[in-house]
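Everything below concerns the one structure shown next.
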Amino acid sequence: MKVKVLSRNPDYYLRETKRDIHKVPRNYDPSLHPFEGLREYTRALNAVKLERVFAKPFVGNLDGHQDGVSCLGKNPQHLSLLVSGSYDGEVRLWDLPQQKCVRNFRAHDGYVRGITFLPDGQQFVTVGDDKTIKIWKTDLPDWGEEEEPTNTYISKSVIVGVSHHQKEPMFATCGEVCQVWEEDRNEPIRTFQWGVDSLHDVSFNPIETHLLATCASDRSIILYDTRDTGPVRKVIMRLRCNRLCWNPMEAFIFTCANEDYNLYTFDTRKLKQPLKVHMDHVSAVTTVDYSPTGQEFVSGGYDKSVRIFEHGKNHSRDVYHTKRMQRLTCVLWSMDDKYILCGSDEMNIRMWKARSAEKLGVLRPRERSALNYSEALKEKFVSHPQIRRIARHRQIPKHIYHAQKELRTIKLKQKRKEANRRAHSKPGTVPFVSEKKQHVVEEQE
Amino acid sequence: MSETKFQTHTKLQMTRYFLNQDCRENKKKPQDNCNESASKKLETHKRSKKKPSIKKSQSELEALVTVVKYKRKPWRGRNHEDDRLAAAKVQPPWTRKSKRVPVQDEKLARHSRGEGLSGDGIKTKFYQKKLKKHEADIQFSIEQAARAELLLPEESGFLVADEDELTTQFSQQQIASSVDIASATKHFDLHLAEFGPYRMNYSRNGRFLLIGGRRGHVAAIDWVTKRLLCEVNVMEAVYDVQWLHVETMFAVAQKQWLYIYDNQGIELHCIKRLSKVLRMEFLPYHFLLATASEEGFLSWLDISIGQMVSQFNTRMGRLNLMTHNPYNAVVCLGHSKGIVTMWSPNVKEPLSKMLCHQHPLQSLTVDSQGRYMATAAVDRTLKVWDVRKLEGPLQQYKLHAVASNLAFSQRGLLAVGMGNVVEVYRDCCQKSADRPYLRHRLFKRIGNMEYCPYEDVLGVATDNGFTSLIIPGSGEPNFDALECNPFQSKSQRREAEVKSLLEKIQPEFITLDPTVITDVHIPTLKDKVEAKKKLLFLKPPKIDFQPRNKSGKKKGTVKVAQTKRIVREGQRREFVKTLKETGIDKISSSQEVESCIASVKHKTFNALDRFKPKEKKQEKG
């Protein structure tokens, strides 16, 4: 007879001293782990609830401007520096980690309309209502030196926007016409015009560096090639676009913020219809900015809220608002993909986390793996109604809630009316028009 | 007997050594061939002839160690998803032809969660690739889990008889004398003659034992070290005892009510809503204490929040036979009409009702993986059923006495208690066992018995005490410390308690099939959207509503208009609700929709209709 009985040596299973960590023998046999699916579901539910618990996106408030904030500038080299311009012509430089203003001076008479940094981050360009373009140093002036621009250009026409070329010493302005300037010349080197009275935003493409896009007040978006050909294409929409932002990762994609409460993502190769219509704002959208990853973008509008959209999704991922925040004039996504800054009418700049439930600071390895695990679980059970409900739940201000309700009613009514018309007309006379096609009037070349 | 143990260990190591050797040899073989061919048969092995010597050494190295090469991909500035797919196209290291030792199929089968998806119905290549990647990930995880079996420290116990012997002939004394001293102490008797028929229960990690005598004696013991945690006499009849989720609390079903004590014997709760309880079962993942009472009431008490989840009358009479299915947490009751009923707290009717025997049931048990159920009746029959299919008996045995108690071990050994005899059967579910594996005769009638989890031990409570029997090969040799840990310290226990409370499964999920939650819900999104659309464009019936003119004022007042509006709105809501309930998908075909609308709408009126013959009143009604 041969016999063996289970007999465990405690030395193998117990830690030797109290300083050791506990021994945790594992056995991955599924029969020892019952209710696998249900337990994972419960964990996913907990993870999604915790995410909502930790969703505290507001980081801080930068106050100091004497008038509404009109524009923000993103430094391509330094994360901690922010430049903002206001309606009274003042420009302020901010130290973001300390949330302090480090420098302020009066740059223009009237509005500061646009700020853009040079690629090296050592200087920045401001344009104002006084038809001047000024270049300033980022560093503080030396002792005794006065606050003076290193260069000033005087334009013949009104300027409302500016954008610097990604590599070369060249920048573009817009106003009555689109002008391209070189840093060491006092006159614009090129001037583009395509039958419109004014342009209100201009933006250089960060990848296809000679491509330039402007938003015009005749509801069109115009693309230019700065090298030779000039105006290339034009797309006319139902309402005008307020701001335009290129995707920093995909050269041919841009998103524009429109008056009709929507944002549109276009492919430059196919302007006939937008790739996506991003709907969620309940008032005119004034500003948009892409994250450096090109995966997401942030927008702000007259509905006093900031919304974050995922690239290629129709509806927003998140909405930020505070009681005191008024209409937004400018938003900015920080270069480390972690923060969002927004300037609004009521003189404040606010700093938000880009992912509302993210922990700031260093993550320990166990913490990170736990977070990764819960992310995977959330993704796995994303379509379960309970989990989706909790993940989507947001508190929104009353005015947005009512406006959403109203918009929904209007849309339903339009749909019903169209369906009725279709039902009572000769077949084929009332065609189906997709949502994407409804907003573009025509494309010109 | 430590010698034999030593032998087995050395043998084991030897086999492992040989296994590794074999593997290495297997790996080496092709290169050996190469070397030989390079020297001798140049013509036959052209491939090896072409190889330069440096490459050879490289290949040798690769054969011994799996060299994982990560090639940095050129950055393309694309969607994140695209990159992942591209990675799938490049083939991750585990999908490449691996030179690692292949995993045995049976090991893979043990860890497999079923067949994967082939991706036939998927239209776009994007999602096909995505699915492929996902499947590859799953396959990889299964393989890794199967490989990790190599690290398991323990082997299961066994008892092998020589040629002229039978395993049945060995008594407990013989077994105890031939195993090591530590294991021999696992066979012991507790003589407790005074407090009469006992019942017992092991804690989840198998470390603690709880016994309760009918005449009030309750004791909790760390049975491995034989340390007494507490011993009290509750001065009342005790019908059943049950450990809760940790070893600091246990429940005792007493004459009138159910009580909860801590491990020092201090009464924590008296639950008066549970009266005259006969049997208890604890569902550890749901934190539910299921009880069956003398008056036929079945109740589930959530012990984490102290709330009664469900309590109802089964209308089945006295319930003295109860067990639960560890696979799906469904409570199984045995009845005197020979039927087994399965209950969840969500439904007041049994989930299933099986007629198992023609005679009153004596005992039933379900195995730990929820595959087999064994039932025994007073006609001395024992049947083994497939619980997942709820189908006819897999095996049918005729015993020489009535089996009053049954118990399945973790590794599928079935213990049958008949009067004062315990018989253990091996491999009795798939095949029919012709003789017992072990047999033991006790002095008194058996109260109840249970296998100790993670040990080769069967605990038997009798009329005059408790006996612990050694059954080699009954327990799972390797525990998972994050699930149940027999060597748990206090801090570990506390942490595990918090973790398990966090992932407490809600009682609504107790169904016959617990995997439903991971299945795909069949009605597609398209159907749902269509249904919603239809609902939107269906017109509710118009109603002619004239409110009573109570005040005698004019008809066109605001109030009257409001009342009308409210009534119409209510009517519309009612209409939509009824449509939803009847199932909008059912009226999906256009004809049915039309007929539905037609029935709802008023009849169309034509000017010439007045010349038609009048409809009869009966038809109208």
Side-chain angles (χ1 to χ4, degrees), chain A residues 1-15 18 22-47 50 207 247-251 253 293-295 310-312 376 380-381 383-386 412 415-416 419-420 422-423, chain B residues 1 4-5 8 77-80 110-111 113 145 148 152-162 165 170 175 178-180 182-183 186 285 326-327 329 368-370 454-456 470 472 475-483 486-487 489 492 502-506 509 514-515 517-518 536-537:
Chain A
M1 147 186 156
K2 277 186 219 159
V3 63
K4 186 197 166 234
V5 176
L6 273 183
S7 148
R8 298 192 181 87
N9 185 0
D11 291 345
Y12 188 86
Y13 294 95
L14 295 174
R15 55 180 180 176
K18 283 205 162 181
H22 287 290
K23 286 182 177 171
V24 183
R26 301 297 312 269
N27 186 355
Y28 299 102
D29 191 348
S31 63
L32 294 182
H33 303 272
F35 303 109
E36 204 175 38
L38 285 169
R39 285 160 80 188
E40 275 192 344
Y41 173 79
T42 315
R43 281 178 199 157
L45 202 64
N46 286 343
L50 282 178
I207 306 164
N247 188 329
M249 284 290 157
E250 289 179 287
I253 302 277
T293 59
Q295 291 295 306
E310 278 172 38
H311 174 71
K380 183 175 177 182
F381 289 96
S383 53
H384 281 254
Q386 269 294 319
L412 265 183
K415 246 184 196 173
R416 195 166 46 229
N420 285 341
R422 191 168 290 128
Chain B
M1 206 55 225
T4 49
K5 200 192 163 197
T8 54
R78 270 296 193 81
N79 199 333
H80 176 61
R110 198 176 304 147
H111 291 274
R113 263 71 165 182
L152 297 179
E154 303 281 342
E155 302 271 323
S156 64
F158 54 80
L159 173 64
V160 182
D162 292 337
E165 292 171 338
F170 300 117
I175 293 171
S178 53
V179 295
D180 58 326
S183 304
K186 287 174 187 170
Y285 294 100
Y327 170 68
S368 62
Q369 293 174 46
Y454 308 106
E455 290 285 356
D456 281 347
I470 298 173
E476 171 64 41
N478 297 295
F479 58 87
D480 190 308
L482 296 186
E483 202 77 54
F487 295 96
S489 70
Q492 274 181 312
L502 275 175
E503 54 190 56
K504 180 181 92 171
I505 303 169
Q506 292 302 313
F509 293 121
T515 59
I517 195 123
T518 51
L536 186 68
F537 298 125

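A note on names: the letters A, B, ... follow the listed sequences, proteins ahead of strands, and every chain is numbered from 1.
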How about [X] and [Y]: do any of their side-chain heavy atoms sit closer than 4.5 Å?
X	Y	answer
A:Thr42	B:Gln506	no
B:Pro472	A:Lys4	no
A:Arg8	B:Tyr454	yes

What's the separation between atom [atom1] in [X] and atom [atom2] in [Y], rounded to the nearest 0.5 Å?
X	Y	atom1	atom2	value
B:Tyr285	A:His33	OH	NE2	8.0 Å
B:Glu483	A:Asp29	CD	CG	11.0 Å
A:Leu38	B:Lys504	CG	NZ	14.0 Å

Measuring heavy-atom distances to chain A, does [X] have an atom under 4.5 Å in its side chain, in its backbone, in both, or in neither?
X	result
B:Ser156	backbone
B:Glu476	both
B:Glu165	side chain

For [Y], is there any backbone N or O sitting under 3.5 Å from a side-chain donor or acceptor partner on [X]?
X	Y	value
A:Lys23	B:Ala481	no
A:His384	B:Ile517	yes
A:Asn27	B:Asp480	no

Could you pull out the closest heavy-atom pair between [X] and [Y], with the gap in Å?
X	Y	value
B:Lys186	A:Ser7	NZ-CA, 4.2 Å
B:Leu152	A:Arg26	CD2-O, 3.5 Å
B:Ser489	A:His22	OG-CE1, 3.3 Å
B:Gly475	A:Leu6	O-CD1, 3.9 Å

Who wins among B:Thr518, B:Ile470, B:Ile505 for the most heavy-atom pairs under 4.5 Å with chain A? B:Ile505
Partner chain A: residue of B:Ala161, B:Pro486, B:Ala145, B:Pro477 with the largest heavy-atom pair count (under 4.5 Å): B:Pro477
Heavy-atom distances under 4.5 Å only: say whether A:Glu36 touches chain B with side chain, backbone, both or neither. side chain
Let's test your reading of the structure: which of A:Ala251, A:Ser31, A:Pro25, A:Gly312 forms the most heavy-atom pairs below 4.5 Å with chain B? A:Pro25
Between A:Asn46, A:Leu32, A:Leu14, the one whose heavy-atom pairs under 4.5 Å with chain B are most numerous: A:Leu32
Ring centers of A:Phe35, B:Phe509 separated by less than 6.0 Å: no
Applying side chain to side chain donor-acceptor pair (under 3.5 Å), can you list everything that pairs with A:Arg43, at least two apart in sequence or on another chain? A:Tyr373, B:Glu503
Could you pull out all residues at least two apart from B:Asn478 that satisfy side chain to side chain donor-acceptor pair (under 3.5 Å)? none
